Amino acid sequence: MDSPTRAAGLNVGEGYAPIFNIIVMNFLRKNIIYFVLLIVLLAFMTIKPLRDFVSEQIAMSPTVSKINNETLLADEVLDIDLKGINTSSTNLKNLRGKVLFLNFWGTWCPPCRTEWPTIQKLYDLKKDKLEFALIAMQDQEEDVKKFLKENNYTVPVYIAESPLDPKVLPVAFPTTYLIGKDGRILKKEDSSMDWSKDSILEFIDNVTK
């Protein structure tokens, strides 16, 4: 004898399928926001350009609270006599009229040489807003002159003629500081980077307003 279910022509699996679909749909509706957040998180973790962009924006945001918590360099820290290689000799503290781009480098340093074209581009674009001082370290004057001439670089370059304060003495090359007119360190970078990219230019525009 056929069972009542068979008599009605109903397959047991078919009977549970609509109920299962309803349960799944209710679960998805209640938890959709968690799925969206999970997808966004996975995209952030797996898409490198997106991750780099977000991290860079966070690092570069010149908020008042961030800037106020940075190190303030006293006048004596910047009291460094500089011999000009392709510019006039001066003292570093005399360059405090604008935001200062201070870079420690050497012709012997491959990462330093790599970032030089981007520094030159930054100089061409922002020399009206920034003071530039690129200090060649552990270098011979003739080697520095030759490097600048061969590459047609015009960014002001110096050799330090007095000791550097530990607060700015580099432990890696290149090391770059962006220093505000009040002596506050706005940004420090102790590796080679592209100084002509849009995020840097925007940051400089913000801190030189």
Side-chain angles (χ1 to χ4, degrees), residues 59-60 62 66-151 153-197 200-201 203-204 207-208:
M60 293 297 296
K66 180 177 185 299
I67 291 175
N68 285 342
N69 287 329
E70 295 294 346
T71 303
L72 183 66
L73 300 178
D75 283 345
E76 54 267 25
V77 175
L78 300 179
D79 186 10
I80 304 170
D81 292 326
L82 301 175
K83 180 179 181 179
I85 302 302
N86 59 351
T87 187
S88 300
S89 298
T90 188
N91 187 289
L92 186 61
K93 65 183 180 181
N94 295 334
L95 303 179
R96 298 246 326 238
K98 300 177 182 177
V99 172
L100 173 63
F101 181 93
L102 175 62
N103 174 275
F104 295 96
W105 69 289
T107 61
W108 46 268
C109 163
C112 303
R113 299 169 74 101
T114 297
E115 73 174 0
W116 245 102
T118 71
I119 295 176
Q120 180 66 52
K121 186 174 181 181
L122 175 65
Y123 177 74
D124 293 337
L125 292 171
K126 301 296 181 182
K127 59 186 174 183
D128 60 325
K129 292 188 173 184
L130 301 174
E131 292 284 3
F132 286 78
L134 277 70
I135 301 179
M137 303 286 289
Q138 305 170 19
D139 235 323
Q140 298 297 317
E141 184 175 335
E142 290 306 313
D143 292 337
V144 177
K145 288 181 177 179
K146 180 182 178 182
F147 173 77
L148 297 177
K149 183 177 181 180
E150 288 178 346
N151 294 282
Y153 292 141
T154 59
V155 187
V157 172
Y158 305 88
I159 290 178
E161 293 190 309
S162 56
L164 301 182
D165 188 282
K167 287 186 177 180
V168 293
L169 184 66
V171 295
F173 293 91
T175 291
T176 305
Y177 296 89
L178 278 172
I179 303 173
K181 290 185 289 185
D182 60 354
R184 201 172 297 276
I185 296 176
L186 306 178
K187 178 173 176 60
K188 178 184 177 182
E189 185 69 40
D190 56 4
S191 63
S192 178
M193 71 174 296
D194 181 355
W195 289 100
S196 63
K197 59 186 178 182
I200 292 290
L201 299 179
F203 177 79
I204 289 172
V207 299
T208 55

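All values derive from a computational prediction rather than experimental measurement.
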Given side chains that start at C-beta, do those of Pro174 and Pro111 come closer than 4.5 Å, heavy atoms only?
yes

Would you say Leu82 and Ile135 make side-chain contact, with heavy atoms under 4.5 Å?
yes

Is there a side-chain contact between Phe101 and Leu178 (heavy atoms, below 4.5 Å)?
yes

Sorted by chain and residue number, the salt bridge (charged side-chain N to carboxylate O under 4.0 Å, His left out) partners of Lys129 (sequence neighbours excluded) come out as Asp205

Using the ring centroid of each side chain, check whether Tyr153 and Phe147 are separated by less than 6.0 Å.
yes

Are side-chain heavy atoms of Leu122 and Leu201 found at a separation under 4.5 Å?
yes

Rounded at 0.5 Å granularity, tell me how far SG in Cys109 sits from CE in Met137.
11.5 Å

Would you please classify the geometry between the Tyr177 ring and the Phe104 ring as parallel, tilted or perpendicular, with 30° and 60° separating the classes?
perpendicular

Write down the atom of Val99, the atom of Val207, and the distance for their closest heavy-atom approach.
CG2-O, 3.8 Å

Using every non-hydrogen atom in the two residues, find where Pro163 and Ile80 come nearest and quote the distance to one decimal.
O-CG1, 4.3 Å

Roughly how far, to the nearest 0.5 Å, is CZ of Phe203 from NZ of Lys187?
7.0 Å

Using only heavy-atom distances, determine whether the side chains of Thr175 and Asp190 contain a donor-acceptor pair under 3.5 Å.
no

Check this for me: Gln140, atom CD, are more than 12 non-hydrogen atoms of other residues, nucleotides or ligands nearer than 6.0 Å?
no

According to salt bridge (charged side-chain N to carboxylate O under 4.0 Å, His left out), who are the partners of Glu141, at least two apart in sequence or on a separate chain?
Lys83, Lys145

Note: Asp182-Arg184 ion pair, threshold 4.0 Å (strictly below):
yes

Mind checking the CG-OG spacing from Asn94 to Ser89? Nearest 0.5 Å is all I need.
11.5 Å

Within the side chain of Asn86, is there an N or O that forms a donor-acceptor pair under 3.5 Å with the backbone of Val157?
yes

CG (Leu130) and CG (Leu102) are apart, to the nearest 0.5 Å, by 12.0 Å

Minimal heavy-atom distance between Ala136 and Val144, with the atoms involved, is CB-CG2, 3.7 Å

Rounded to the nearest 0.5 Å, what separation is found between the CG atom of Asp124 and the OG1 atom of Thr154?
5.5 Å

When you measure from the side chain of Ser162 to the backbone N and O of Asp81, does any donor-acceptor pair fall under 3.5 Å?
yes

With ring-ring contact (aromatic ring centres under 6.0 Å, His included) as the test, pick out the partner of Tyr123 among Trp116, Phe132, Trp195.
Phe132

As a test of understanding, state which of Leu92, Leu95, Asn91 forms a side chain to side chain contact (heavy atoms under 4.5 Å, CB included) with Leu78.
Leu92

Min side-chain heavy-atom separation Lys167-Leu73 under 4.5 Å
yes

Can you measure from CD (Glu189) to OG1 (Thr176) and round to the nearest 0.5 angstrom?
7.0 Å

Salt bridge (charged side-chain N to carboxylate O under 4.0 Å, His left out) pairs touching residues 95-123, sequence neighbours excluded, are Asp75-Arg96

Are Met193 and Ile200 side-chain neighbours, meaning at least one heavy-atom pair lies under 4.5 Å?
yes

Validation row: Val77, Val168 side chains within 4.5 angstrom (heavy atoms)
yes

